[in-house]
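We're numbering straight along the sequence, starting at 1. All figures in this text were calculated on a predicted structure; none of them were measured in a lab.
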Amino acid sequence: MASSATTPNSLSFFSSSLFLSSSHKIPKTYISVAKPISGRVSKPLSVASQLATLPILSFEGDKIGETYLDLKTAPEDTARAVVHRAIVNDLQNKRRGTASTLTRGEVRGGGIKPYSQKKTGNARRGSQRTPLRPGGGVVFGPKPRDWSIKINRKEKRLAISTAISSAAAAEGGAIVVEEFGDKFQKPKTKDFLAAMERWGLDPKEKAMFLMMDVEENVAKSGRNIGTLRMLTPRTLNLFDILNSDKLVLTPAAVEFLNARYGVDSEIDEEDEDDTEGAEEAA
């Protein structure tokens, strides 16, 4: 886990033990998954099972139990590459690619020859819209383009589960808080900050809350906290996971993660559709 001294744009969990150290103390079980695609045998996908125990805190901050996250993770020698590929895919697909400039053939005007070809003492010039003059065209300027790249859905899912496992395995990297949606009778940022202090969260550090549903009063109470991100399974993304210093989950969110990204989770058949496209983008 990254400390509060990291730069604002740093991706916190890239510095975790999962990416930098091979002597991780969490027991792992390696398995291989291989499915035939169109009559040919695909390369086995090596994944690891990583079990992490998380404390469950009450709304008052008292420990009332424990739960676990048993998610698929990439092996230590490939974890960094898998997560990096997925985050590059996310950031690059966000680019609109609408930047555009005009060449000398597209700039308005410049149809008449500025002066005679000879006997002026100046260099030959056929148009006022040459790139050498102000108001002229742009040489090798940007044009609209599609920046998007493809990635296998299984690889994307593995990157998300690897990042979450990295946070959960780190000491103090993740906690579970009981459902608190009905605890806020009205929106009040001060009450939310007090609750974060009881849970051991520093408002100056980046925190990501993952809940199955964000109540209106909870969302309004935390929206003025700049370091806070509240996500649901529908909005869960790799960048916010990596860019946070601490993960806060609810028991329902833990069940969702174990069902969606756990070792026993089933992979949709649609995931196989992008395998060929992912190989081309690699």
Side-chain angles (χ1 to χ4, degrees), residues 1-6 8 10-13 15-18 25-26 50-71 160-161 163-237 239-262:
M1 293 297 297
S3 63
S4 59
T6 56
S10 63
L11 300 183
S12 305
F13 295 158
S15 61
S16 69
S17 58
L18 182 61
K25 298 181 180 179
I26 302 297
Q50 181 166 327
L51 181 65
T53 303
L54 302 177
I56 302 178
L57 304 181
S58 65
F59 184 72
E60 288 73 24
D62 301 324
K63 183 177 179 179
I64 58 177
E66 290 184 346
T67 186
Y68 71 92
L69 273 176
D70 191 10
L71 307 182
I160 292 178
S161 61
I164 296 176
S165 296
S166 174
E171 183 178 356
I175 60 173
V176 180
V177 179
E178 67 173 353
E179 301 291 345
F180 56 90
D182 57 345
K183 302 294 184 179
F184 292 86
Q185 303 300 328
K186 60 180 180 179
K188 196 169 184 180
T189 304
K190 185 177 181 179
D191 293 344
F192 200 94
L193 289 173
M196 291 179 61
E197 184 177 355
R198 294 195 299 268
W199 299 333
L201 303 178
D202 186 357
K204 297 182 180 179
E205 294 184 349
K206 298 177 182 178
M208 191 202 79
F209 283 68
L210 178 59
M211 298 171 283
M212 298 304 294
D213 187 28
V214 181
E215 298 292 338
E216 182 179 1
N217 288 339
V218 175
K220 290 182 177 180
S221 298
R223 65 184 177 182
N224 287 334
I225 305 175
T227 57
L228 185 66
R229 289 285 293 165
M230 292 188 182
L231 304 180
T232 63
R234 186 177 182 86
T235 58
L236 181 63
N237 64 90
F239 182 84
D240 284 330
I241 297 173
L242 295 174
N243 198 36
S244 61
D245 297 314
K246 200 152 190 174
L247 299 185
V248 181
L249 312 174
T250 61
V254 173
E255 294 180 5
F256 164 78
L257 292 176
N258 286 327
R260 176 70 173 173
Y261 304 102

If you measure from [atom1] on [X] to [atom2] on [Y], what distance do you get to the nearest 0.5 Å?
X	Y	atom1	atom2	answer
Ile160	Arg260	CD1	CZ	8.5 Å
Asp202	Met196	CG	CE	8.0 Å
Thr250	Glu179	OG1	CD	4.0 Å
Ile164	Tyr261	CD1	OH	6.0 Å
Leu257	Leu210	CG	CG	5.5 Å
Met212	Leu249	CE	CG	11.5 Å

Using side-chain contact (heavy atoms from CB on, under 4.5 Å) as the criterion, list what pairs up with [X], not counting sequence neighbours.
X	answer
Asp182	none
Glu255	none
Glu197	none

Check: Asn258 side chain, Asp70 main-chain N or O, donor-acceptor pair, under 3.5 Å: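 It does hold such a pair.
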If you define the side chain from C-beta out and look only at heavy atoms, does anything of [X] sit under 4.5 Å from [Y]?
X	Y	answer
Thr67	Pro251	no
Leu201	Ile175	yes
Ile64	Glu178	yes

Steps toward side chain to side chain contact (heavy atoms under 4.5 Å, CB included) verdict (Asn243, Lys206): CA-CA 7 Å; Asn243 198 36; Lys206 298 177 182 178; 3.1 Å; yes
I need the minimum non-hydrogen distance between [X] and [Y], along with the two atoms involved.
X	Y	answer
Val177	Ser58	CG1-O, 4.4 Å
Ala168	Leu69	CB-CD1, 3.9 Å
Ala207	Ser244	C-CB, 4.4 Å
Leu71	Ser161	CD1-O, 4.0 Å

Ring pair (Phe, Tyr, Trp, His ring centres under 6.0 Å) contacts in which one or both residues fall within residues 167-187, not counting sequence neighbours: Phe59-Phe184, Phe180-Trp199, Phe184-Phe192
Show which side-chain atoms of residues 219-236 pair as donor or acceptor with protein atoms under 3.5 Å away, not counting sequence neighbours.
unit_1	atom_1	unit_2	atom_2	d
Lys220	NZ	Glu216	OE2	2.9
Ser221	OG	Lys188	N	3.0
Ser221	OG	Asn217	O	2.6
Thr227	OG1	Pro203	O	2.5
Thr227	OG1	Glu205	O	3.4
Arg229	NE	Asp240	OD2	3.3
Arg229	NH2	Asp240	OD2	2.9
Thr232	OG1	Thr235	OG1	3.4
Thr235	OG1	Thr232	N	2.9
Thr235	OG1	Thr232	O	3.3

Any residue meeting side chain to side chain donor-acceptor pair (under 3.5 Å) with Lys63, in chain and number order, not counting sequence neighbours: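 Side chain to side chain donor-acceptor pair (under 3.5 Å) check on Lys63 returns Glu66.
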